[in-house]
Amino acid sequence: MPANPTRSGTAPHPFGSRRHAPPGQSPILVDERALWDIDDVARFLRVTKQTIYSWRSTGYGPADFRVGKHLRWRAATVIQWTLSLEAAQ
């Protein structure tokens, strides 16, 4: 059995408590207060890390910041960015 299982016997999802999912796909649970690294952002957006780096170099994508030498994104910023894309369509 996994460490810290939920009542259903499965481990909690690394993204926390809020559910977001494209139609027909499993929901991703999100704690909007969390700080994400590039792996988390790429996993949430279902793109490669290289795509995130490319977007950054052109000024596209969710806003990021540095903590020392490390890139970080606020989960709420990434979610809001995706919602703004959806609203623009």
Side-chain angles (χ1 to χ4, degrees):
M1 184 169 281
N4 300 322
T6 61
R7 289 183 192 187
S8 64
T10 60
H13 195 282
F15 284 123
S17 62
R18 189 150 173 209
R19 296 176 185 261
H20 296 271
Q25 294 188 4
S26 299
I28 296 175
L29 304 174
V30 178
D31 177 355
E32 292 182 5
R33 299 166 297 172
L35 292 181
W36 289 352
D37 63 16
I38 193 161
D39 293 311
D40 297 326
V41 175
R43 186 179 317 118
F44 180 80
L45 297 176
R46 294 187 171 102
V47 298
T48 65
K49 291 192 311 186
Q50 185 56 48
T51 297
I52 304 295
Y53 287 127
S54 295
W55 287 350
R56 285 188 77 246
S57 69
T58 61
Y60 185 73
D64 59 60
F65 59 97
R66 290 200 175 271
V67 177
K69 66 178 184 174
H70 305 284
L71 283 173
R72 294 293 182 259
W73 288 259
R74 292 201 181 281
T77 301
V78 177
I79 293 165
Q80 185 57 45
W81 179 77
T82 60
L83 293 173
S84 71
L85 292 176
E86 184 179 6
Q89 292 185 1

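Note that the numbering runs from 1 along the sequence shown for the chain.
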Check against side chain to side chain contact (heavy atoms under 4.5 Å, CB included), Leu45 and Ile52 = CA-CA 9 Å; Leu45 297 176; Ile52 304 295; 4.0 Å; yes

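Under the 4.5 Å side-chain heavy-atom criterion for ILVMFWY residues, a single connected hydrophobic cluster contains both Val47 and Tyr53. A continuous path of Ile, Leu, Val, Met, Phe, Trp and Tyr side chains, each step under 4.5 Å between heavy atoms, connects Leu83 with Leu85, placing both in one hydrophobic cluster.
By the neighbour-count criterion of 12 heavy atoms within 6.0 Å, atom CZ of Arg72 is densely surrounded, having more than that number from other residues, nucleotides or ligands.
For the residue pair Thr48 and Thr51, a side-chain donor N or O sits within less than 3.5 Å of a side-chain acceptor on the partner.
Considering CD1 of Ile38 and CD of Gln50, their distance stands at 8.0 Å, rounded to 0.5 Å. From Lys49, atom NZ reaches atom CG of Asp37 across 8.0 Å, with rounding to the nearest 0.5 Å.
Contact detail for Asp40 and Leu35: the closest heavy-atom pair is OD2-O, 4.4 Å.
With sequence neighbours excluded, the residues satisfying ring-ring contact (aromatic ring centres under 6.0 Å, His included) with Trp81 are Trp55, Tyr60.
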